[in-house]
Amino acid sequence: MVSRLVLVLGDQLSPGLSALAEADKARDLVVMAEVMDEATYVRHHPKKIAFCFAAMRKFAARLEAEGWRVAYTRLDEDDNRQSIVGELLRRAEAEGADEVLATEPGEWRLIEALSHAPLRVRQLSDTRFIASHAEFDAWADGRKSLRMEYFYREMRRKTGLLMAGDDPAGGKWNFDHENRKPASDDLFRKGPPRFAPDETVDAVLDLVEKRFPDNFGRLRPFWFATDAEQAGQALDHFLAHALPSFGDYQDAMLEDDRFLYHAVISVYLNAGLLDPLEVCKRAEREYEEGTAPINAVEGFIRQILGWREYVRGIYFREGPDYPRRNALNHQRKLPGLYWGAETRMNCLAHAVAQTRDEAYAHHIQRLMVTGNFALLAGIDPAEVHDWYLSVYADAYEWVEAPNTVGMSQFADGGIIASKPYVSSGNYISKMSDYCGGCAYKVTQKTGEGACPFNLLYWYFLDRHRARFEGNPRMAQMYRTWDRMDADRRRAVLDGASDVLDRLDRGATV
Ligand code: FAD
Ligand code: DLZ
Ligand code: SF4
């Protein structure tokens, strides 16, 4: 019998992957390939490439140890055709195989490449997610608005997570109003565990250093987990040390603490080293055993069972053009400060520096610092999308695009967010310690030295008045703007124009 090929991509490193479940260990050949097409479709952070290659190499070794035949291509092998389809064709020719089993990739780009490959490719559902496409569509069809909260409740009912019979555990579906505390910098926090590079990781680090020397981001020190066992240790560590405070300080930001009480597991979940349902069950157990409070556990489970599944549903439902939407017609180029050029805005300087160093920033840094600024300044959402897809180690389009294009930039016209996530400097000042060390004054609303967020916030609202003034959740903002006297409004808009002019000229802001 002719063998089949079984494709395993760099973010499909799960033993229960549907393509592997469907395959026959005795006759089929697993194909894994490090290829330039995947490593360069955006200029990925070096840590992201290194994580991906190291985790792929270790997963291939694990499959071999479990009795699979694996054809693994390293990036610098001579006959590497440097694309996924190219490598499948090469292996198919060598093996005399005529069929490929694949699990549906997480990006339209690759789904389409596999669909058009001159091979018989069966793309199976990715069963690592809790909601299938059909389930998401059944929930979404016919609804006027697709708010995450209602989808999340369906997922709670479906899985039974945090349910007391038909009711939510603790009497409420959502405990978010308890989760808005700023953090104090005198608390001792452990941060995520750091894994010393082993031989496999070291070899990959040398390769990435050599082949991607100019990509934005620091390769070393490299401390990510790169196999399921280590990722499990990272989860254990989070559950023991950070989960109890996760809810309280979820929105907080501190200069000297890049991780606070966040799990730092998205990179492992998205590559398949951790299973989302298993992670949720582990968190639920902490609540049941009384070691973590309901506001923390519910908040954490909502991120995975709710947001993570929901954004994936939106990405696949909306189709391949979703990442290029631009509902607000924003056209400005992404300023150099996102790539590390000097800025006097301390919040942005910190968020970008941490991104450069760690290939990680937590949600509020992504949403309310870098995302907020890009939205207020009217940056082209396609450029913003490319940036987020490049710089974070957890970034794949299915999860990154809805968060960036939809939630953060409102470029989908309000499918994900009921109103744009914009704020003045006041929010950042309340939730962080960034403003104390800033060249700008967060309390200053106009004139030299005024926080650029304060100026651009009103500029944004004024510019998009026709679209947003009828939104009941924004009415108060427009009333406040209208109550300002005309001279003050003019000073704010002039200040905003000056900031934007400096951005456009490439001057330091
Ligand atoms: P925690 O705060 O500890 O949360 C636990 C887990 O919940 C995360 O690991 C993640 O799997 C899940 N989660 C939380 N929020 C979201 C969300 N909004 N969407 C999907 N899953 C969520 N997340 C990615 O995994 N990849 C991305 O490319 C990505 N891009 C983003 C871009 C923007 C503009 C924004 C605002 C958010 C983005 N997120 C992305 C969501 C979120 O910021 C990250 O999942 C989170 O910061 C990862 O860190 P953590 O593991 O410490 O998360
Ligand atoms: C992110 C990434 C990188 C950098 N390199 C590879 C690779 O060489 N081979 C591979 O199979 N996968 C890689 N990946 C992950 C893919 O880009 C990912 O599978 C698709 O974007 C679909 O989500
Ligand atoms: Fe950011 Fe404004 Fe605060 Fe400076 S003053 S850190 S620019 S919010």
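Only a predicted model underlies this, so the values are computations on that prediction, with no experimental measurement involved.
Using a cutoff of 4.0 Å between basic side-chain nitrogens and carboxylate oxygens, Lys158 and Glu135 are scored as salt-bridged. For the pair Arg332 and Asp504, the salt-bridge criterion is met [side-chain N within less than 4.0 Å of a carboxylate O]. Checked for salt-bridge contact, Glu318 and Arg325 meet the test: a charged N lies under 4.0 Å from a carboxylate O. Note on Asp141 versus Arg317: salt bridge recorded, some NZ/NE/NH1/NH2 to OD/OE distance being below 4.0 Å. Taking 4.0 Å as the cut-off between side-chain N and carboxylate O, Asp412 and Arg324 do not count as a salt-bridged pair. With salt bridges taken as basic N to acidic carboxylate O contacts below 4.0 Å, one links Asp357 and Arg258. Salt bridge status for Lys48 with Asp394: absent, with no side-chain N to carboxylate O gap under 4.0 Å. Classification of Arg465 and Asp482 as a salt-bridged pair holds, one side-chain N sitting under 4.0 Å from a carboxylate O. Remark: Glu286 does not engage Arg282 in a salt bridge, criterion side-chain N to carboxylate O under 4.0 Å.
Between the side chain of Glu284 and the backbone N or O of Leu162 there is at least one donor-acceptor pair closer than 3.5 Å.
Relative ring orientation between His464 and His330 is described as tilted, the plane-to-plane angle lying within the 30° to 60° band.
Taking the six-membered ring for Trp, Tyr478 and Trp481 have ring centres at least 6.0 Å apart. A ring-centre distance under 6.0 Å is not found for Tyr459 and Tyr457. Centroid-to-centroid, the aromatic rings of Phe151 and Phe136 come within less than 6.0 Å. Within the 6.0 Å centre-distance limit, the rings of Phe300 and Phe246 are counted as a close aromatic pair. Ring centers of Tyr152 and Trp307: at least 6.0 Å apart, outside the cut-off. Taking the six-membered ring for Trp, Phe259 and His362 have ring centres at least 6.0 Å apart.
Applying side chain to side chain contact (heavy atoms under 4.5 Å, CB included) to Pro452 and the options Met345, Arg344, Arg502 leaves one that passes, Met345. Screening Tyr315, Phe129, Tyr310, Tyr322 for a ring pair (Phe, Tyr, Trp, His ring centres under 6.0 Å) involving Trp398 leaves a single residue, Phe129.
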> Could you go step by step and tell me if Tyr440 and Phe453 meet the side-chain contact (heavy atoms from CB on, under 4.5 Å) rule?
Replying inline: CA-CA 10 Å; Tyr440 295 102; Phe453 282 86; over 6 Å; no
>> As a quick check of understanding, evaluate ring pair (Phe, Tyr, Trp, His ring centres under 6.0 Å) for His45 and Tyr392, giving each step before the final call.
In response: CA-CA 7 Å; His45 195 294; Tyr392 292 113; 8.4 Å; no
>> Show, in sequence, the C-alpha distance, side-chain angles and deciding distance for Phe316 and Trp108, and conclude whether the ring pair (Phe, Tyr, Trp, His ring centres under 6.0 Å) test is met.
In response: CA-CA 8 Å; Phe316 283 104; Trp108 284 111; 5.5 Å; yes
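No side-chain donor-acceptor contact under 3.5 Å links Gln250 and Asp248.
Every side chain to side chain contact (heavy atoms under 4.5 Å, CB included) that Arg43 has, sequence neighbours left out, goes to Asp214, Asn215.
More than 12 heavy-atom neighbours from other residues, nucleotides or ligands sit within 6.0 angstrom of CZ on Phe195.
A cation-pi contact, defined as under 6.0 Å to the ring centre and within 45° of the axis, links Arg109 to Tyr41.
Looking at heavy atoms from C-beta onward, Cys451 lies out of side-chain contact with Lys441 at the 4.5 angstrom threshold.
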